[in-house]
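Here's the structure, in structure tokens; my notes come after.
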Amino acid sequence: MAYAPPIREHLFLLKEVFDIDRYSNLPGFAEVAGGVLEQVLQAGADMAGEVLAPLNAVGDKQGCRLAGDGSVSTPDGFKSAYDAFCQGGWVGLDFPEEFGGQALPHVVNLAVNEMICGANMAFAMYPGLSHGAASAILAGGSQAQKDLYLPKMVTGEWSGTMNLTEPHCGTDLGMLRTKAVRNGDGSYAITGNKIWISAGEHDLSDNVVHLVLARIEGAPAGVKGISLFIVPKFVPREDGSVGERNSLRCTGLEAKMGIHGNATCFMAYDEARGWLIGEENSGLKAMFVMMNEARLGVGLQGLAVGEAAYQAAAEFAKDRLQGRSLTGPKNPTGPADPIIVHPDVRRMLLDSRSVLEAGRAFTLWTGLWGDLQSKAPDEATRQKAGDYMSLLTPVVKAYLTDAGFEIASSAVQVHGGSGYTEHYPASQLMRDARIAMIYEGANGVQALDLVGRKLAAHGGRAVMTFFAEIDAYVAEHEGDASLKPFTEALKGVKAQLQEATFWLMQNGLANPDNAGAASTDYLRLFGLTALSFMWCQMAEVAQAKVAEGASDRFYADKLVVGRYFLERVLPAAPTHLARLKAGSATLMELPAEAF
Ligand SMILES: Cc1cc2nc3c(=O)[nH]c(=O)nc-3n(C[C@H](O)[C@H](O)[C@H](O)COP(=O)(O)OP(=O)(O)OC[C@H]3O[C@@H](n4cnc5c(N)ncnc54)[C@H](O)[C@@H]3O)c2cc1C
């Protein structure tokens, strides 16, 4: 079955729930008012559904190929799809016009990207990494670097990468060994080996702009001595054309579980010429621009692949005939009923859908704060938006990638044995989804970031604002009887999250292992709270439409899926609270040799 980009869901959220037209005084938002949003999303859906989705299985089966000269070919069809993607202006949708972008809101870019990733995650990573690298140069580069690199990267003529990982250091970047030596002409000689560099080498673009973390000779040990460099495959001439080949190469491609269409490269730098971004020894700060953007983008991958898997499972469940409904045949003239009549199959589909719909809302809501952080006219809103971006990004990343994989696994289950074969898309989607829980900071590390850094920042200002916003929402809507189940549930889960937060404040400081042991359950409780808040807002709009007598069943269905979330997904919240309050004593008791 073909992937159907969920454009109706995006329009519902952006237009009806979050009312983005009310921001039309902000840069980029006026451009998507009055029907333009629909056109942009439709064009993105066409690109995703017609050009990229048909290449998803091709990419999985063929993978990428490394030649003896270090060049890498992408799967058949990727190059022409990439050219069409660039011509459509999709790489630079939300980049400033001065560099060739279309300056549309970040949140619109997120919506388009969900469709691109859902259609073909491995392909989406090529422009996705270029986008992240270009954002880091935009935020931290000199004017000359911006002028030289951005116009080419924003159009996709040149692509980008992020080079952090080395064989001995993944999470713990403080151990990084790649070195940088001053050449005396403003450039540096970069030497070292990086592993698992996504899109590190390929045949899609004329140049690859690597952003590389390295340690300058004599720099302090640990993360305080890391700098960020632009290390292009071809050194650009001043006029912006590609010049001499730099001394870096792809020495191998990783054999891996999924995303076969994306080249995961071993990269060797041998005194390659590189140029510093920002200040010496502040590379992680500059790279964080890229990493934060990438974390939201990876959360989106979880959502997108989960949606594709849900769609495949729902289609299969309507088609596959096995057994009879417990309450009597629903397909009496056929040999059996379609499996969608079975409550347990529906459980898997609705567990998935109720999380996907709220997860999409949560991602777009967070993305909207990303726009407000840079574009809101008043300092108070910019500050709140910055606080939220920082607080919510690890939740979006980890919660939605865990969910995406679980949903893809459920999709395999709905397919039965067929799901375990390669004749149906479920198997590929499950393999593709798995990496999103690991890269861009493994999910356990996201949870530690949330409890260790994000909660405490500015005396807990961000989480207190989040609680206050939920309280205000509940106070405003709890008189509305039709919304009561939603507001009551939100009130309940928020109280549990608040209790968990106080528990962490008291017990996490006293013993840091308590914070570490609680972190994943805390993040999941946070995710459930955020999704409940999203369900309230979606239900509010849907309820009003139903009350008006809307004939479109979209709104009535939305309320059913929302009620399902309250009845069957949200009850996990007290389990998370109980688990995190168990503390770390038993967890840490066994010595390592007992494992
Ligand atoms: C397909 C693929 C593509 C990738 N693309 C890129 C890329 O483009 N650029 C790039 O630089 N890297 C890339 N990576 C690397 C990726 O970002 C790392 O794999 C990831 O950061 C985890 O590092 P690691 O694999 O070394 O695991 P480790 O750091 O060894 O971690 C192993 C486990 O221990 C846990 N752990 C580690 N430290 C702690 C701690 N302090 N507290 C609690 N738990 C901890 C982790 O959560 C994880 O579960 C890619 C990897 C893959 C597989």
Side-chain angles (χ1 to χ4, degrees), residues 59-60 63-64 72 121-122 124-133 136 159-178 192-202 208-214 222-223 226 228-229 231 250 252-267 269 283-284 287-288 290-295 297-298 301 305 394 397-398 401-402 405 431-453 508 512-520 522-523 584 587-588 592 595:
D60 185 52
C64 297
V72 171
M121 173 173 161
M125 289 171 69
Y126 293 101
L129 281 151
S130 304
H131 190 284
S159 60
T161 70
M162 56 193 292
N163 285 239
L164 290 77
T165 308
E166 298 180 7
H168 61 286
C169 90
T171 302
D172 191 353
L173 289 169
M175 293 196 290
L176 191 135
R177 286 189 199 137
T178 296
N193 291 303
K194 296 284 180 180
I195 63 167
W196 301 335
I197 304 310
S198 300
E201 177 63 44
H202 53 79
V208 184
V209 180
H210 299 284
L211 294 196
V212 181
L213 285 182
V223 288
I226 297 177
L228 180 63
F229 297 89
V231 191
C250 170
L253 287 183
E254 189 57 90
K256 57 192 194 292
M257 180 190 277
I259 52 164
H260 294 157
N262 194 270
T264 305
C265 302
F266 295 86
M267 298 298 302
Y269 295 84
L284 270 189
M287 190 59 123
F288 257 104
M290 181 162 188
M291 281 154 68
N292 277 333
E293 177 182 316
R295 282 173 182 175
V298 172
Q301 288 178 342
V305 177
K397 195 278 177 183
T401 57
D402 282 350
F405 179 72
R431 289 184 286 101
D432 286 355
R434 190 63 184 84
I435 185 57
M437 299 157 76
I438 298 170
Y439 60 20
E440 259 340 299
N443 285 358
V445 174
Q446 299 296 333
L448 277 182
D449 179 46
L450 176 67
V451 302
R453 284 219 294 267
D513 273 343
N514 281 333
S519 56
T520 290
Y522 184 82
L523 186 142
S584 62
L587 187 74
M588 300 308 285
F595 283 86

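Values in this document were obtained by computation on a predicted structure and should not be read as measured data. Counting starts at 1 for both ligands and their atoms, in listed order. What you see below is based on every heavy atom in this structure, not just the backbone, and it leaves out hydrogens, waters and symmetry mates.
For atom 20 (C) of ligand 1, the closest non-hydrogen atom on the protein side is I438 O, 3.9 Å. Among all non-hydrogen protein atoms, the one lying nearest atom 9 (N) of ligand 1 is M162 O, 2.8 Å. Here the heavy atom of the protein found nearest to atom 11 (O) of ligand 1 is L164 N, 2.8 Å. Scanning the protein heavy atoms around atom 41 (N) of ligand 1, the nearest turns out to be L448 CD1, 4.5 Å. What sits closest to atom 14 (N) of ligand 1 on the protein, heavy atoms only, is W196 O, 3.5 Å.
Distance check on atom 43 (C) of ligand 1: some protein heavy atom falls below the 4.0 Å cut-off. Shown here, atom 53 (C) of ligand 1 is in close reach of the protein: a heavy atom of it lies under 4.0 Å off. In this structure, atom 34 (O) of ligand 1 is not in close contact with the protein, since no protein heavy atom lies within 4.0 Å of it. Inside a 4.0 Å radius of atom 30 (O) of ligand 1 there is not any protein heavy atom.
Listed for the K256 side chain is no donor-acceptor partner under 3.5 Å among the backbone atoms of I435. Within the 3.5 Å criterion, the main-chain N or O of I259 finds a donor-acceptor partner in the side chain of D432.
The atoms of ligand 1 that sit less than 4.0 Å from any heavy atom of Y439 are 2 (C), 3 (C), 4 (C), 16 (C), 17 (O). Near V445, the atoms of ligand 1 lying under 4.0 angstrom from a non-hydrogen atom of the residue are 47 (O). Interface of I435 with ligand 1, defined as ligand atoms under 4.0 Å from a residue heavy atom, comprises 1 (C), 2 (C), 52 (C), 53 (C).
With atom 49 (O) of ligand 1 as the reference point, the heavy atom nearest to it among A442, G441, G170 is part of A442. Nearest-heavy-atom check against atom 8 (O) of ligand 1 across C169, S198, G444 picks out S198. Of the candidates T520, D172, T171, T171 brings a heavy atom nearest to atom 22 (C) of ligand 1.
Distance check, rounded to the nearest 0.5 Å: CD1 of I197 to CG of L164 gives 7.0 Å. Separating the SG atom in C64 from the CD atom in E254 is a distance of 12.5 Å, to the nearest 0.5 Å. Rounding to the nearest 0.5 angstrom, the gap separating the NZ atom in K194 from the SG atom in C265 is 14.5 Å. Going from atom OG1 of T178 over to atom OH of Y269 covers 8.5 Å, rounded to the nearest 0.5 Å. Rounding to the nearest 0.5 Å gives a distance of 9.5 Å between CZ of R453 and CG of L448. Going from atom CG of N443 over to atom CG of D402 covers 4.5 Å, rounded to the nearest 0.5 Å.
The heavy-atom pair separating V72 from A263 by the smallest distance is CG1-CB, 4.0 Å.
Residues meeting the salt bridge (Lys or Arg N to Asp or Glu O under 4.0 Å) test with E293, sequence neighbours left out: none.
Note: an N/O pair closer than 3.5 Å links T165 and ligand 1 by distance alone.
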